[in-house]
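Read through the structure below, which is laid out as structure tokens, and then see the notes.
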Amino acid sequence: MNDLLDGARDSAAYLEPIAEGATLLRGFAVPAAATLLAAIESVVQAAPFRHMATPGGRRMSVAMTNCGRGGWVTDHRGYRYTAADPLTQRPWPALPAVFFDLAARAASTVGFAGFAPDACLINRYRPGARLTLHQDRDERDFKAPIVSVSLGLPAVFLFGGVQRRDRPRRIRMESGDVAVWGGPARLAYHGIAPLVDGNHPLTGRCRINLTLRKAL
DNA sequence: AAGTAGCG
DNA sequence: TGTT
């Protein structure tokens, strides 16, 4: 299992700058992808995917679940991190070591040493699902970066600036790609364009995204 | 301290 | 969102 992670160092992974403080690691998670998928399965068994509601009452097209000490949730009361899954009233499943290690290593590779995530949001995109431009600002402190892992179908990642008016770049994310943003880019607006239908050997007709954060 | 990852 |  460690050899899967170590393998990333020797694979064809390469870095691609997105913006100041934001980097794309292409192919970084390819060697660990199957292991990550297995861990996702076990999380979902305890905390199933669900479509949360925005404070305005709209159902999100992306299905979500969480693992780690904190889980991101939204409902009519707003956005926040909770220790327990509102669906089951039980604590969110533990953060799998393979998630933690991958995120810490990706962060350290691009200059964020000591990243210790305590929350992982798992997003499932089916064809047509999207995330409009938003900032991640529900975390306690913004010193820690965000690490985002793409698995399955490709998607167009929209990455803008810290001002909403900044026009986002469109970046194609493929399975095994990892985006890391922090420092001056920590509050950058970002999103995902509507997922294009397709079939991926790993996930079938969907894309799974892991977003690791230090939230607490 | 009001509004929000959605909508047209 | 609710409340000093």
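Computed from a predicted model, the values in this text were never measured in an experiment. Labels below follow one simple rule: chain letters A, B, ... track the order of the sequence lines, proteins then strands, and each chain is numbered from 1.
- Following rounding to the nearest Å, A:I122 (CD1) and B:dA5 (C1') show an atom-to-atom distance of 17 Å.
- Within the 4.5 Å cutoff, the side chain of A:L151 has no heavy atoms near those of the A:R207 side chain.
- Rounded to whole Å, atom P of B:dT4 lies 13 Å from atom CH2 of A:W72.
- Taking 4.0 Å as the cut-off between side-chain N and carboxylate O, A:D75 and A:R80 count as a salt-bridged pair.
- In the model, A:S148 has a side-chain atom that pairs as donor or acceptor with a side-chain atom of A:N209 under 3.5 Å.
- Side-chain atoms of A:I146 and A:L212, non-hydrogen and from C-beta on, never get closer than 4.5 Å to each other.
- Residues that satisfy the side-chain contact (heavy atoms from CB on, under 4.5 Å) test with A:D138, not counting sequence neighbours, are A:W72, A:Y79, A:Y81.
- Base contact: A:G78 has a heavy atom under 4.0 Å from a base atom.
- Among residues two or more places apart in sequence or in another chain, the salt bridge (charged side-chain N to carboxylate O under 4.0 Å, His left out) test is passed with A:R50 by A:D85.
- Note on residues 26-40 of chain A: pairs passing salt bridge (charged side-chain N to carboxylate O under 4.0 Å, His left out), not counting sequence neighbours, are A:E16-A:R26, A:R26-A:D177.
- Within residues 134-150 of chain A, the residues that have a heavy atom under 4.0 Å from DNA chain B are, in order of number, A:H134, A:D136, A:D138.
- Not a single side-chain hydrogen bond (donor to acceptor under 3.5 Å, both in side chains) links A:R164 to another residue, sequence neighbours left out.
- Every side-chain contact (heavy atoms from CB on, under 4.5 Å) that A:V44 has, sequence neighbours left out, goes to A:I40, A:F49, A:T65.
- In this model, a donor atom of one side chain and an acceptor atom of the other lie less than 3.5 Å apart for A:T82 and A:W92.
- For A:Y125, there are no ring-ring contact (aromatic ring centres under 6.0 Å, His included) partners two or more places apart in sequence or in a different chain.
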Every protein N/O within reach of nucleotides 6-8 of chain B N/O, cut-off under 3.5 Å:
unit_1	atom_1	unit_2	atom_2	d
B:dG6	OP2	A:R130	O	3.4
B:dG6	OP2	A:T132	N	3.1

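- Checked against side-chain contact (heavy atoms from CB on, under 4.5 Å), A:R172 has the following partners two or more places apart in sequence or in another chain: A:P154, A:E174.
- A heavy-atom distance below 4.0 Å to DNA chain B is reached by none of the residues of residues 176-186 of chain A.
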N/O to N/O distances under 3.5 Å, protein versus nucleotides 2-4 of chain C:
none

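- For A:R137, the side-chain contact (heavy atoms from CB on, under 4.5 Å) criterion is met by A:Q135, A:F142, A:L187, not counting sequence neighbours.
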